[in-house]
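All heavy atoms count here, side chains included; hydrogens, waters and symmetry mates do not. So that the names make sense, note that chain A is the first sequence line, chain B the second, and so on, each numbered from 1.
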There are 2 protein chains.
Amino acid sequence: MLTPKLLIADDHILFNEGVRQLLSEKYEVVGQVYDGKDVLSAIHLKKTDVILLDINLPSINGFDLAKEIKRAFDTVKIIFLSMYTEPRFIEQSKFLEVNGYLLKNSTKEELIEGIESVLRGETYYDTKLQFTKISLHHNDFFVKQYSLTPREIEIVRMIKDGMSTSQIAEKLFLGQETVKTHRKNIYYKLSITKSTELIKFAIENNI
Amino acid sequence: MLTPKLLIADDHILFNEGVRQLLSEKYEVVGQVYDGKDVLSAIHLKKTDVILLDINLPSINGFDLAKEIKRAFDTVKIIFLSMYTEPRFIEQSKFLEVNGYLLKNSTKEELIEGIESVLRGETYYDTKLQFTKISLHHNDFFVKQYSLTPREIEIVRMIKDGMSTSQIAEKLFLGQETVKTHRKNIYYKLSITKSTELIKFAIENNI
DNA sequence: TGTACAATCCCCCAAAAGGGGTATTTTTTG
DNA sequence: CAAAAAATACCCCTTTTGGGGGATTGTACA
């Protein structure tokens with residue numbers, strides 16, 4: 001096989017550059033991008049075997065990109081390279097049938113092992129993540145997160161900004177009961193029971 | 001001048017290694033550590049001119065380390081290399097009289113510029129951070145954060161974990177009123193008024 | 001055209017959080 | 001040891017949340 005062609009997508013320039021340096025002995029790095037919106041065109045421009053994709057990218061996040069890539073370039077292997085170990089990220093990756101998931105605190109060797117596995121057609125999830133089984137309702141998170149309506153997301157943001165039910169009601173020209181209902185529906189959808197959990201959810205999901 | 005000696009402290013192995021590769025043409029990298037508790041011994045072991053220090057390190061955070069380093073090795077220049085742009089981090093860095101503060105999404109050139117400035121004895125804060133003036137009460141945050149007592153920090157963590165006052169009381173074998181008092185004192189110290197704000201504080205400060 | 005969904009509003013009630021105090025007992029520390 | 005700080009506990013009262021219902025009005029979509 002020819003030298004496999006890599007694309008690196010990470011907005012942290014130093015990290016991106018560092019990974020390139022580490023992998024350029026063994027692979028051909030055909031591109032480095034720093035923004036989600038540049039990923040698809042980069043793949044289009046240069047034939048790519050594997051993309052190392054950060055989840056937290058500007059403009060478009062890694063999950064949305066993975067969907068797009070699978071749709072438009074179905075031969076490109078996708079490996080998430082992320083600092084997050086949150087189960088729901090792993091679950092969502094599996095749901096999206098992404099080829100691999102590596103952690104940013106891996107060693108060079110682990111990184112290469114992951115890439116090699118994926119090139120052989122296997123899927124490779126970082127060994128530190130084994131605890132995350134493919135749950136039977138692996139798309140719970142997915143459904144949960146994205147079934148929040150626009151109004152609900154708006155209210156989540158306001159709660160995150162520290163506003164109380166009455167303040168939100170006032171600002172949105174709504175009755176308090178309406179806002180309460182929204183809160184209840186949000187909690188139900190996210191399977192949580194209190195505002196503190198909502199804040200964590202909101203921060204973790206960049207809402 | 002001889003080749004300046006660098007120490008890199010960052011728990012993300014790939015990043016750490018990447019930075020080493022990038023800088024090893026120009027500097028001598030005398031050490032790479034991945035855990036806060038290994039930093040002081042590493043400096044002790046190898047003469048170090050500049051340490052690139054992540055704030056978010058295991059065991060001991062960058063701020064505490066900076067204090068220790070200044071106390072024990074006052075000739076070592078300290079540069080924080082962090083992804084955080086939060087004003088209070090910058091303020092605290094200035095308060096600690098750290099020599100530089102660089103962002104992880106810098107380019108190689110910016111990194112070198114920062115290191116060179118610091119080596120010349122200047123202080124260098126990433127240009128993307130100019131908006132952060134040294135505030136008159138620059139130690140407000142500092143005082144706030146660190147005037148939390150151990151018990152209070154313990155309770156902050158439990159609140160962050162979603163526990164209610166009564167659950168905390170039960171777990172700590174305390175009366176609810178005691179926990180309420182702690183909560184009140186915490187809120188007072190942090191100038192906040194509700195648990196949602198506490199969650200944000202806790203997450204942002206890795207408590 | 002009808003049904004699913006979003007958005008709005010209402011009732012009731014319990015639990016929790018928030019805000020104002022005060023006070024006692026340990027622990028730490030100069 | 002004496003003073004300061006931390007940890008503990010209580011009272012009173014208000015506001016906010018949380019949980020259980022149910023209901024109406026649009027609007028989108030198939």
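Taking atom CD1 of B:Ile153 as the reference point, atom C1' of D:dA7 lies 15 Å away to the nearest angstrom. Atom P of nucleotide D:dA5 and atom CD1 of B:Ile186 are separated by 18 Å, given to the nearest angstrom. As rounded to whole Å, 14 Å separates atom P of C:dC9 from atom CG of A:Asn185. For the pair A:Glu170 CD and D:dT16 C1', the interatomic distance rounds to 15 Å; values are reported in whole Å. Rounded to whole angstrom, the span from the OH atom of B:Tyr188 across to the P atom of C:dT22 amounts to 14 Å. The distance from atom CD1 of A:Ile155 to atom C1' of C:dT8 is 11 Å, rounded to the nearest whole Å. A straight line from CD of A:Gln167 to P of D:dT15 spans 14 Å, rounded to a whole angstrom. Atoms CD1 (A:Ile199) and C1' (C:dA17) sit 15 Å apart, rounded to a whole Å.
Of the side-chain N and O atoms in B:Thr165, one or more sit less than 4.0 angstrom from OP1 or OP2 of C:dA17. Taking 4.0 angstrom as the limit, A:Thr178 places a side-chain polar atom (N or O) nearer than this to OP1 or OP2 of C:dC9. Note on A:Tyr187: a side-chain N or O is less than 4.0 Å away from OP1 or OP2 of D:dG18. Taking side-chain N and O atoms only, A:His182 has a distance below 4.0 Å to OP1 or OP2 of C:dT8.
Between A:Ser166 and B:Leu174, it is B:Leu174 whose nearest contact on DNA chain D lies nearer the 5' terminus.
Closest to the B:Arg151 side chain, of the nucleotides D:dG18, C:dC11, D:dT8, is D:dT8. With distances taken from any side-chain atom of B:Thr193 to the nucleotides C:dA17, C:dG19, C:dT8, the minimum falls on C:dG19. Nearest nucleotide to the side chain of A:Lys180, out of D:dA9, D:dG18, D:dT8: D:dG18.
No hydrogens or angles were tested; on distance alone, a donor-acceptor pair under 3.5 Å links the side chain of B:Thr181 to the base of D:dC10.
Note on A:Lys184: a base of the nucleic acid sits closer than 4.0 angstrom, heavy atoms only. Residue B:Lys194 is in sugar-phosphate contact alone, with no base atom involved, counting any heavy-atom pair closer than 4.0 Å across all strands shown.
Side chain to side chain, A:Ser82 and A:Asn56 fail the donor-acceptor criterion of an N or O pair below 3.5 Å.
Relative to the ring axis of B:Tyr27, B:Lys5 does not place its NZ or CZ within 45° and under 6.0 Å from the centre.
Between A:Phe63 and A:Phe80, the ring planes are perpendicular. Angles over 60° get that label, and only those under 30° would be called parallel.
Around CD of B:Glu170, the count of heavy atoms belonging to other residues, nucleotides or ligands within 6.0 Å does not exceed 12.
Taking 4.0 Å as the cut-off between side-chain N and carboxylate O, A:Lys194 and A:Glu197 do not count as a salt-bridged pair.
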